[in-house]
2 protein chains.
Amino acid sequence: MAAESPTGESPSRGKRADARRNRETVLAAAAEVFVTSGVDAPIRRIAAQAGVGMATIYRHFPTRADLVTAVYRHQIEACAEAGPTLLAAADSPFDALRRWIDLFVDFLVTKHGLADALQSDNERFAALHAYFLDRLLPVCAQLLDASVEAGDIRPGTQPYELMRGIGNLCAGRDGDPRYDPRRLIALLLQGLRRPDAL
Amino acid sequence: MAAESPTGESPSRGKRADARRNRETVLAAAAEVFVTSGVDAPIRRIAAQAGVGMATIYRHFPTRADLVTAVYRHQIEACAEAGPTLLAAADSPFDALRRWIDLFVDFLVTKHGLADALQSDNERFAALHAYFLDRLLPVCAQLLDASVEAGDIRPGTQPYELMRGIGNLCAGRDGDPRYDPRRLIALLLQGLRRPDAL
DNA sequence: TGACAAAGCGGAGCAGCGCTCCGGATAGTA
DNA sequence: TACTATCCGGAGCGCTGCTCCGCTTTGTCA
């Protein structure tokens, strides 16, 4: 009971009780607002939803990216941890890569505007981009390397380029029945395969 | 000398001389500002650059999309017209498709923020999206159909999906040496090919 | 040429946003 | 209970998009 979570979260230990409380309130409010208004939602609105002042939000999450990453931290971690698991369980490294990308895409498309934020050149989201890369790039690289090793795909593809490409493909107005990023990503993966490997 | 341009441009015929003059001034100023500040540049800045009031810009180009399309109209037309030309000249329909996409990508990546605007769900850019589709979708469809007909690629790919995917891949902060949309688009095209066609 | 609508123009002004700053409230401690 | 470090709220600034209205310019017709 005394031990907090194993990962390095809870960045408000040692703070005053009201501060800790407010942090959680803001997180919950942000999660709620993000669903309906996207991760671009005005800070004022999130503050109103949480019943706190704007400064409180900025104090706990100096950057919008900090707020967004805090809200989705668990899901991003889960995605990162799924990489090695899939690699161990799947039929082939390439199959693991494909399923992991599916997971990543599922995560992205269900967060209104998150993919847009990831690829935007907006200064406010730079840290968000960095966090995703820090956490997911090594996983992607591992899956990619294993696939090359197994001879499933041709070598030479950079993990960063692939990740960003996938993120880009998931961006834009969603809900358009004419556009399903998954189909294009499947095409991309198809292009990645060795010509001789089926 | 009397005949204007053959295409249906010059939407200011019959207007007063100062209005026509201002329209051209704004167009030139916008082109200049777009290069340095992207298509998101504040209207105020464009107005200042042109030496006119903001209302003048809004009067001639009610929507930001109208201004952007007016600035790039010639290049978009050229891209559209290149489709049939390439189809006639290239070694194969698929080669024509590849070269046409190259042209389109070249156009997109040299316009700072244009690809972002195209895929943004921002209301202000809806007309921009529509214009690109109107003009380029039929061309893409023709090239795609011809490639399928020739047996170069597998059938089933929707032109809209392909176009939007390409646009998406070109979006985001540019100048990153780690990311070249062309490489991913090449992968996409590779995935489009028939397995048996080489 | 001169007068007079009509067409066009400029920028003040409003609303919405991100972000900061500081007087006041509050939690923890002695 | 009294005191201070900590935290809070929202007014306020600067920057946007977009509109509205009094003034200016243009083209026309006698």
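If you're wondering where the values come from, they're calculated on a predicted model, not measured in any experiment. Below, read A as the first sequence line, B as the second, and so on, with proteins coming before strands; counting in each chain starts at 1.
With rounding to whole Å, N122(B) atom CG is found 9 Å from dC18(D) atom P. A straight line from CG of L67(A) to C1' of dC19(C) spans 15 Å, rounded to a whole angstrom. Protein atom CD1 of I57(A) is 13 Å distant from nucleotide atom C1' of dG10(D), rounded to whole Å. The nearest whole Å value for the distance from the CE atom in M54(B) to the P atom in dT16(D) is 11 Å. Summarising the geometry, the separation between CZ on R45(B) and P on dC15(D) is reported as 11 Å, rounded to the nearest angstrom. Rounded to an integer number of Å, the gap from Y58(B) OH to dT16(D) P is 12 Å. Rounded to whole Å, atom P of dG18(C) lies 6 Å from atom CD1 of I43(A). In this structure, R20(A) places its CZ atom 12 Å from P of dC8(D), rounding to the nearest Å.
Sequence order on DNA chain C of the closest nucleotides to R44(B) and R44(A) puts R44(B) first from the 5' end. Comparing R21(B) and D40(B) by the nucleotide of DNA chain D that holds the closest heavy atom to each, the one mapping nearer the 5' end is D40(B). Between D18(A) and P42(A), the residue whose closest nucleotide on DNA chain C is further toward the 5' end is P42(A). Along DNA chain D, the nucleotide closest to P62(B) and the one closest to K15(B) are compared, and the more 5′ of them pairs with P62(B).
Under 4.0 angstrom from either OP1 or OP2 of dG8(C) there lies no side-chain N or O belonging to N22(B). For dC9(C), the OP1/OP2 oxygens have a side-chain nitrogen or oxygen of H60(B) closer than 4.0 Å. Contact annotation: R59(B) side-chain N/O to dC9(C) OP1/OP2 distance is under 4.0 Å.
Counting non-hydrogen atoms under 4.0 angstrom, A55(B) reaches a base of the nucleic acid.
Taking the side chain as every heavy atom from C-beta outward, R164(B) and R178(A) never approach each other to under 4.5 Å. At least one side-chain heavy atom of L144(B) sits less than 4.5 Å from a side-chain heavy atom of I153(B). Between C79(B) and F107(B) there is no side-chain heavy-atom pair separated by less than 4.5 Å. Contact of the T157(A) side chain with the V148(A) side chain is not registered, since no non-hydrogen atoms from C-beta on lie closer than 4.5 Å.
Of the inter-residue distances, the one linking R23(B) atom CZ with T56(B) atom OG1 reads 13.0 Å to the nearest 0.5 angstrom.
Comparing dT25(D), dC8(D), dG10(C) by their nearest atom to the side chain of R16(B) picks out dT25(D).
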